[in-house]
Amino acid sequence: MNLAIAENVSLKPFNTFGIDVKARYLLVVKDVTELPQALLWAKTNNQAVTVIGGGSNVVFTKDINGLVLVLQTQGIKIIEQQASVAIVEVAAGVVWHELVRWSVAQGLGGIENLSLIYGTVGAAPVQNIGAYGVEFKDVCHSVQALNRLTGELHTFTTEQCCFSYRDSLFKHQPEQWIITKVQIKLDYKAPIHIGYAALQQNLPEQIDQLTYAQVSDIVIKTRQQRLPDPKQLGNAGSFFKNPIVSLEKAEQLKQQYPDLVTYPYAIKQVKLAAGWLIDKAGLKGLQEGDIGTYPLQALVLVNYGNVSGKAVLAFAQKIQEIVKQKFDIELEPEPIVL
Ligand code: EPU
């Protein structure tokens, strides 16, 4: 099979931040059998390999030498069903939100709260995507990945993926694994989760008979009210993780700022809202050249034109410094920097 490898291609359409860097070589992978061949090609031609899915959690700071693989493999199928539970196998290149809409159309629950998260299914386990009280790990059944070092396929159980808040084994070993498929566990009778504060304003009066499709619609509406559409304003979702601090630290801050937003995390730790911290530091809506914090959600950095990855990082660093000075808290960027 001949691989359709293109040369010197702009990656602007392949990252939601809309950063204009070039890939020396680029291959859009539509069929999983192309993967081993592409890796072999790269090895033979001495080219490094970078894999992206929807490009929604990445900041490109320079042209990418070597071969960029964009995974667009397709396929969603129910492979097992027992009582009300269905195991659904999904190819890595499926757009995550399309999977969500497919599931709610089937009457299957479990991922409706994860509506409108951009990116692909293969990227979902990497940072353990999450929203409104639900995380990918809650529905994960297994993850299949290609070991780039050995060329073998390996199946990880949920436990082996080492998921935690916006984190997994795959995030720490990007050179080793290419996620090719995931299996998720959905349920025709899954409980719905609509307790999250941000959803309340969009709930209808009658909430006892909500379908998964309706919950998905409510989540979509909530996100559209607060988060920019990357087709209109480039962005990578939340730019920083919500910081996890000790109970004492949170107590101390709470005395100074009674409206501090906290979420339970572990026995002696709480999660703070990074968006609140940035907002409270007076940085919401700040714009410098083509980069700024989104006026409706300070945690999202937006590209107002043709920003470079380096400018994004410089701006992010400035935010980190100001937040550190004001609250003595370190913000950690969420997207992967390439
Ligand atoms: N807040 C402010 N000012 C702001 C932004 C937020 O005061 O400018 C306050 C809000 O009022 C709220 C709290 O901070 O009390 C949290 O805000 P929000 O509910 O919007 O959620 P978040 O913590 O900023 C996280 C995820 C989002 C996810 C939402 C909803 C992270 C880093 N981000 O954001 O995920 O959609 O919760 O569950 O955990 C993403 O990861 O890219 C992402 C968008």
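Start at 1 with the first residue, then count along the sequence. Model, not experiment: these values are computed from the prediction. Just follow the structure's listing: the first ligand is 1, and inside any ligand the first atom is 1. These numbers come from the heavy atoms of this one structure, side chains and all, not from hydrogens, waters or symmetry mates.
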Enumerate, atom names and distances included, each donor-acceptor pair closer than 3.5 Å involving a side-chain atom of residues 272-285, sequence neighbours excluded.
residue, atom, partner, partner atom, Å
Trp276, NE1, Asp259, O, 3.3
Asp279, OD2, Lys284, NZ, 3.1
Lys280, NZ, Asp259, OD2, 3.0

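A continuous path of ILVMFWY side-chain contacts below 4.5 Å connects Val270 to Val323, so both sit in one hydrophobic cluster. Under a hydrophobic clustering in which Ile, Leu, Val, Met, Phe, Trp and Tyr are joined whenever their side-chain heavy atoms come within less than 4.5 Å, directly or via other members, Leu227 and Ile117 fall into different clusters.
Between Phe156 and His154, the gap from one ring centroid to the other is short of 6.0 Å. In this structure, Phe17 has its ring center at least 6.0 angstrom away from the ring center of Phe60.
Contact check on Glu334 versus Arg166 returns a salt bridge, with a Lys/Arg side-chain nitrogen under 4.0 Å from an Asp/Glu carboxylate oxygen.
Residues of the protein with a heavy atom under 4.0 Å from ligand 1 are Gly130, Ala131, Tyr132, Tyr165, Arg166, Tyr196, Arg223, Arg226, Gly237, Ser238, Phe240, Lys241, Asn242, Val261, Tyr263, Ala273, Gly275, Trp276, Asp279, Lys284, Gln297, Ala298, Leu299, Glu334, listed by chain and number.
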